[in-house]
*Asks:* 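Please read through the structure below; I'll follow up with questions.
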Amino acid sequence: MATDVSQWKEMLDNSMSGNFILSENLVDVLLRLPVKSIIRFKCVCQSWQTLFNDPDFINMNLRRAITHNNCCMLLKYLSSSEEEVYSLRCDKDFAEFRRLQVPVPSKTDYYHIVGSSNGLICLTESNNKGSYVTVDTFLWNPSVTAQWKPLPKYLINNMMTSPFMVVGLGFAFHPQIDDYKVVRIVYFLKSKTYEVHVYSLKQDAWKNIDAKVHCHIHDTVSRTFVNGALHWLAAKKNQGRGKSDDLILSFDMVEDNLREMILPEFGYDESSTQKCLADYKGLLSVLVYNAHRCNDNCDIWVMDEYGVASSWTKRFTFCLDVEILILLDFLDNGEVVVQNKNGGLVACDPNGGKIRDLKVAGPACLVKYIETLVSPRGGNPPVEQPFSYPSFSTLSLSEEEIHIEVGEAGESSKRPSKLSQPS
């Protein structure tokens with residue numbers, strides 16, 4: 001039978017009494033609350049604060065968010081006064097429902113979003129357009145504003161004798177190793193050599209890995225975490241042809257190594273085209289378009305079997321009547337968000353070619369985001385899988401909506417050592 005409002009109030013009173021008994025029914029109700037409400041309710045009583053800080057509760061909250069597709073988009077753009085704006089947007093209609101404030105100002109006045117995973121955002125200090133990034137990197141949970149972690153400093157070899165550039169960055173969580181990692185690729189201008197640094201949240205430390213880079217990286221920030229690997233567009237000089245061939249550089253999060261992957265045979269002259277890697281419904285994809293012409297086709301190629309070059313398939317071809325500056329991401333409905341030459345953001349439907357003005361000016365950065373209690377300071381419990389491609393839904397509870405199925409009315413038990421998994 002369903003627990004009515006009076007029973008719910010009785011459970012609430014009992015949870016705040018001296019004789020505290022936390023029933024599984026009450027835990028299930030609390031797990032249904034938005035993260036913002038959970039944070040606010042920490043001050044209700046010591047018992048609730050203890051519960052909300054429990055690693056098992058944090059893990060169940062994350063799993064429920066993944067299961068119930070509580071996804072949105074985090075958009076960062078510059079206002080007319082050149083100030084950064086962080087905006088949470090609905091994944092369906094792109095409507096803004098919350099503004100965020102970075103808790104610590106950047107020394108360069110700007111941050112660049114490296115990536116998003118399970119509610120954690122990785123930021124690095126940059127210039128206003130994100131075309132130059134520094135080595136100062138941070139982890140932040142916007143849902144829990146106070147949870148902000150500067151990553152430890154790491155002494156870069158030869159940094160005092162040779163100027164260098166950060167040419168590659170990536171951030172992701174891998175369930176197999178139960179760890180969040182930041183990958184940084186540094187290029188030394190004098191020696192023309194690379195170093196690859198990997199930060200582990202579990203160990204709270206950087207390490208220099210023995211990985212050779214033999215190509216020039218186009219994309220500073222990796223936006224594609226597919227099949228346990230981060231990916232960047234790159235180019236390698238073809239000695240036989242006297243020019244460079246584009247390729248994909250991937251970093252395996254488990255093995256901590258780099259490898260090169262070939263792009264599809266597009267079948268046309270690529271000299272006037274631009275390419276952009278994307279994650280299309282969990283598959284590695286590349287978008288090919290002409291950035292200098294309107295009314296030209298945009299092709300979306302998808303690698304159906306990861307790592308198999310022959311599995312590249314042209315999935316969509318659609319015509320764009322805007323000049324594209326950069327492609328940002330896919331929305332959950334399949335639309336492609338692009339920034340046009342005028343700096344505005346539009347959403348394009350690959351199936352019908354329809355274009356929707358999103359009423360936002362660039363430069364901008366767009367990532368998928370999910371609200372959770374995961375801490376950037378570490379100590380999080382194991383997670384079966386990272387958040388990937390859920391659709392957005394708003395979770396709110398009124399008294400009339402709180403109904404829980406229980407075996408017998410009023411049935412309760414003491415809190416077990418491990419919280420049980422909610423439905």
*Asks:* Using ring pair (Phe, Tyr, Trp, His ring centres under 6.0 Å) as the criterion, point out the one residue from Tyr289, Phe330, Tyr280, Trp301 that pairs with Phe316.
*Replies:* Tyr280
*Asks:* Please report the closest heavy-atom contact between Pro103 and Trp148, naming both atoms and the distance.
*Replies:* CG-CE3, 3.6 Å
*Asks:* For Leu230, is there any backbone N or O sitting under 3.5 Å from a side-chain donor or acceptor partner on Ser222?
*Replies:* no
*Asks:* Could you tell me whether Arg32 and Asp28 have a side-chain N and a carboxylate O separated by less than 4.0 Å?
*Replies:*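 Yes, Arg32 and Asp28 are salt-bridged.
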*Asks:* Considering non-hydrogen atoms only, spot the tightest contact between Val114 and Leu123 and give its length.
*Replies:* CG2-C, 4.3 Å
*Asks:* Got a salt bridge between Asp204 and Arg377, using NZ or NE/NH1/NH2 to carboxylate O under 4.0 Å?
*Replies:*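 No, this pair does not count.
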*Asks:* Under a 3.5 Å distance rule, please check whether His231 uses its side chain to pair with a backbone N or O of Ala229 as donor and acceptor.
*Replies:*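 Side chain of His231 to backbone of Ala229: a pair is present.
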*Asks:* Any sub-3.5 Å donor-acceptor pair from Asn141's side-chain atoms to Gln147's backbone N or O?
*Replies:* no
*Asks:* Using the six-membered ring of Trp206, assess whether NZ or CZ of Arg184 lies under 6.0 Å from its centre and within 45 degrees of the ring axis.
*Replies:* yes
*Asks:* Is it true that Asp245 and Lys237 make a salt bridge, defined as a side-chain N closer than 4.0 Å to a carboxylate O?
*Replies:* no
*Asks:* Are the side chains of Tyr110 and Glu84 in contact, using a 4.5 Å heavy-atom criterion?
*Replies:*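 Of all side-chain heavy-atom pairs linking Tyr110 with Glu84, at least one is under 4.5 Å.
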*Asks:* Which heavy atom in Val286 sits nearest to a heavy atom in Leu277, and how many Å separate them?
*Replies:* CB-CD2, 4.1 Å
*Asks:* Where is the tightest heavy-atom contact between Cys215 and Leu247, given as atom of each residue plus distance?
*Replies:*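 Closest heavy-atom pair between Cys215 and Leu247: SG-CD1, 4.1 Å.
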*Asks:* Quick one: pull up OG1 in Thr124 and CG in Leu151 and give me the separation to the nearest 0.5 Å.
*Replies:* 9.0 Å
*Asks:* Of the non-hydrogen atoms in Asn53 and Ile58, which two are nearest, and what is the gap between them?
*Replies:*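 Heavy atoms of Asn53 and Ile58 come nearest at O-CD1, 4.0 Å.
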*Asks:* Can you tell whether the side chains of Asp252 and Arg259 come within less than 4.0 Å, N to carboxylate O?
*Replies:* no
*Asks:* Parallel, tilted or perpendicular: which one describes the rings of Tyr194 and Tyr187, with boundaries at 30° and 60°?
*Replies:* tilted
*Asks:* So, Arg356 and Asp349, do they make that salt bridge, N to O below 4.0 Å?
*Replies:*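 No, Arg356 and Asp349 are not salt-bridged.
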*Asks:* Has the side chain of Ser285 got a donor or acceptor atom that lies under 3.5 Å from a matching backbone atom of Val302?
*Replies:* no
*Asks:* Is it true that Lys359 and Glu96 make a salt bridge, defined as a side-chain N closer than 4.0 Å to a carboxylate O?
*Replies:*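 Result for this pair is no, no salt bridge flagged.
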*Asks:* Does a side-chain N-to-carboxylate-O contact under 4.0 Å join Asp304 and Arg315?
*Replies:*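 A salt bridge links Asp304 with Arg315.
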*Asks:* Among residues at least two apart in sequence or on other chains, which ones pass side chain to side chain donor-acceptor pair (under 3.5 Å) with Asp179?
*Replies:* Ser200
*Asks:* Classify the ring geometry between Phe173 and Tyr180 as parallel (under 30°), tilted (30 to 60°) or perpendicular (over 60°).
*Replies:*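 Aromatic pair Phe173/Tyr180 classed tilted.
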*Asks:* Check whether the ring centres of His197 and Phe251 lie less than 6.0 Å apart, and answer yes or no.
*Replies:*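 No.
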*Asks:* Is there a side chain to side chain donor-acceptor pair (under 3.5 Å) between Tyr369 and Ser143 once you walk through the steps?
*Replies:* CA-CA 10 Å; Tyr369 176 70; Ser143 300; 2.7 Å; yes
